[in-house]
S.K.: 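Before anything else, here's the structure in question.
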Amino acid sequence: MIKAIRGTRDILPPSSAVWNHVDSVARSVFRTFNYQEIRTPVFEETALFARGVGEETDIVSKEMYSFDDRDGTSLTLRPENTASVIRAYIEHRLDQIPGLKKLYYIGPMFRRERPQKGRYRQFYQIGAEAIGSDSPVIDAEVIELAIEILQQCGVKGWRLLINSVGDPESRKRYVDVLRERLAGVKDKLSPDNQRRSETNPLRVLDSKEPQDEPVIEALPSIHEYLNEACRAHFARVCELLAARGIPYEVTPRLVRGLDYYTKTTFEIRHGALGAQNSILGGGRYNGLAELLGSRVAAPGIGFSIGQDRLVMTIEEALSKTGLGRLDLFIAALGDAAVNHCAQLAAELRRSGLSVELSADPKLKRALETANKTGARFTLIVGDNEIAAGTYALKEMESGNQNVVARDAIAAAVRASRQ
RNA sequence: GCGCGUGUAGCUCAGCCGGUAGUAGCGCCAGAUUGUGGUUCUGGAUGUCGUGGGUUCGAAUCCCACCACGCGCCCCA
């Protein structure tokens, strides 16, 4: 039997209703923050990610789905979307279009990692990019936007961690110091971190190895090495978050895995996710456009929500709200009733209700089916009803049944929806 | 990529010191008055015991490999 390939999965009802709900909540919040949608291809030239995300990152060095096109060009399924968005921004000179600086996207990304709960090889991100400004006001607004989406989706119990990784010059100074300090205590580190102390000293900071705790505690904070501009920028972001009433935790050891980050980085964690506790990550990337060949500077900041993980945290709670339930099941008893109800069903559907029209002549069976379908109401239409010109409307949960006129059906069903 | 664990009906699982698969629960199908479901009762269907190989007279049960999933590491959304 052919099965979905490792790390990919089918999203089936009723779960798909939760996914749709998240999509539409996100789109509606984006609209209120004046973000517009961009759709980029799911595959690009490999070079885009190699340069944009960084050759040294795990994503590029071992997780990309790459293949050769017939002409030999190396292509890659996008492992993330920021590089593509910036590529499109440069390619179409979006900096020249007034009022177009805030973009969002929703779609699948691909990374060849070991699948786990909350980690898939095809996974979905809801993300945003605000391009063209280095103002800390934008940083705070982007973070606010991300949190607003989570909250409107009903996510509870999140923690916002923020940090500054400085500009390249500040960071280089810090990494040099780190490398030097770690070299002195290398024998006290775990094997993984001994290796990293040379290749990527920043990574040592957020190691989970208990034996490395004392060494890490003793290391200096990156904040001691930030230059004045970075320091002021970060302070202002914190100030603006406080002004918005957003709780945050400054986490000097927060290190993110993409090379393009500068200044502000942030992450939102959620307890219910196991080892993959990060539900959202983001940061500023002031040098990315130039790195990708832009002649004009395009500082930006963005974030990306793991939709799989977001859905995971709210699915259970949302399943109790009747999301996606059928509004009305019409039990048309007999051919005459079916003819009569065809028009009625069409009217009700046009009014926005979800309607199932049953042609089962046996009422008992029709009600059984209505029950299994999860319909909130059943409208009973037989010879009696057609003759009388009124219908029997039954609320399935309570079993209560009322006689209603044709033009009162939609209102009655809608009245109990919320 | 590494380590540990799990894999039996649609779902949750029992069986596992080898001897023809469970009246198991839930679900599904049919029936119990010709227009009233969801609670009850009766009857019924369903499994290459994850896949492939090995040991054995005989393997769901022991061994090996592979695959899938879960947990942890790495890393990230």
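Below, read A as the first sequence line, B as the second, and so on, with proteins coming before strands; counting in each chain starts at 1. Treat the numbers as computed from the prediction; the structure is a model and nothing was measured.
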S.K.: Do A/E315 and A/S15 have a side chain donor and acceptor closer than 3.5 Å?
M.R.: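 Yes - a donor-acceptor pair under 3.5 Å links their side chains.
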
S.K.: Is there a Watson-Crick or G-U wobble partner for B/G5 with both distances under 3.5 Å, and which nucleotide is it?
M.R.: B/C69

S.K.: Quote, to the nearest angstrom, the P distance that separates B/A60 from B/C29.
M.R.: 32 Å

S.K.: Hydrogens and angles aside, do A/D167 and A/N286 bring a side-chain donor and acceptor to less than 3.5 Å of each other?
M.R.: no

S.K.: Are A/R78 and A/F110 in a cation-pi setup, meaning NZ or CZ lies under 6.0 angstrom from the ring centre and within 45 degrees of the ring axis?
M.R.: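 Because its charged atom misses either the 6.0 Å distance or the 45° angle limit, A/R78 does not stack over A/F110.
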
S.K.: In whole angstrom, what separates A/R114's CZ from B/G5's C1'?
M.R.: 11 Å

S.K.: Please give the distance between the C1' atoms of B/A14 and B/C26 as a whole number of Å.
M.R.: 15 Å

S.K.: Hey, is the side chain of A/R6 poking within less than 4.0 Å of OP1 or OP2 on B/C69, counting only N and O atoms?
M.R.: yes

S.K.: Using whole Å, what does the distance between atom P of nucleotide B/G5 and atom CD of A/Q116 come to?
M.R.: 16 Å

S.K.: Rounding to an integer number of Å, can you tell me how far A/I59 CD1 sits from B/A77 C1'?
M.R.: 9 Å

S.K.: Is the shortest side-chain N/O distance from A/R309 to OP1 or OP2 of B/A77 below 4.0 Å?
M.R.: no

S.K.: In the strands shown, is B/C13 matched to any nucleotide by a Watson-Crick or G-U wobble pair with both distances under 3.5 Å, and which?
M.R.: B/G22

S.K.: May I have the distance from A/D10 (atom CG) to B/C69 (atom P), rounded to whole angstrom?
M.R.: 12 Å

S.K.: Assuming nearest nucleotide by heavy-atom distance, tell me which of A/R121 and A/D308 is located more 5' along RNA chain B.
M.R.: A/R121

S.K.: Distance check: side-chain N/O of A/R112 vs OP1/OP2 of B/G1, anything under 4.0 Å?
M.R.: yes

S.K.: Figure out the CZ/C1' separation between A/R78 and B/A77, and round it to whole Å.
M.R.: 13 Å

S.K.: Checking A/Y104 against A/R27: is there a side-chain donor and acceptor pair closer than 3.5 Å?
M.R.: yes

S.K.: Could you tell me how far apart A/R203 (CZ) and B/C75 (C1') are, to the nearest whole angstrom?
M.R.: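 Answer to the nearest Å: 7 Å.
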
S.K.: Map A/F123 and A/K62 onto RNA chain B by nearest heavy atom, then report which one ends up closer to the 5' terminus.
M.R.: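 The residue whose closest nucleotide sits nearer the 5' end is A/K62.
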
S.K.: Could you please name the partner base of B/G38, counting Watson-Crick and G-U wobble pairs only when both distances are under 3.5 Å?
M.R.: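 Partner of B/G38: none found under 3.5 Å.
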
S.K.: Can you tell me the pairing partner of B/U46 across any strand shown, Watson-Crick or G-U wobble, with both distances under 3.5 angstrom?
M.R.: none

S.K.: Tell me the partner of B/A77, counting only Watson-Crick (N1-N3 plus N6-O4 or O6-N4) or G-U wobble (N1-O2 and O6-N3) with both under 3.5 Å; none if nothing fits.
M.R.: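 Its partner is none (no Watson-Crick or G-U wobble pair with both distances under 3.5 Å).
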
S.K.: Given that both distances must come in under 3.5 Å, which nucleotide forms a Watson-Crick or G-U wobble pair with B/U55?
M.R.: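 Check on B/U55: unpaired, no WC or wobble geometry under 3.5 Å.
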
S.K.: Whole-Å distance between B/A68 P and A/R119 CZ?
M.R.: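 Atom-to-atom, A/R119 to B/A68, this comes out as 15 Å.
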
S.K.: Sequence neighbours left out, what passes side chain to side chain donor-acceptor pair (under 3.5 Å) with A/D360? Give chain and number order.
M.R.: A/R365

S.K.: Could you run through nucleotides 29-41 of chain B and give me one letter per nucleotide, 5' to 3': B if any protein heavy atom sits under 4.0 Å from the base, S if only the sugar-phosphate is that close, - if neither?
M.R.: SS----BBBB---

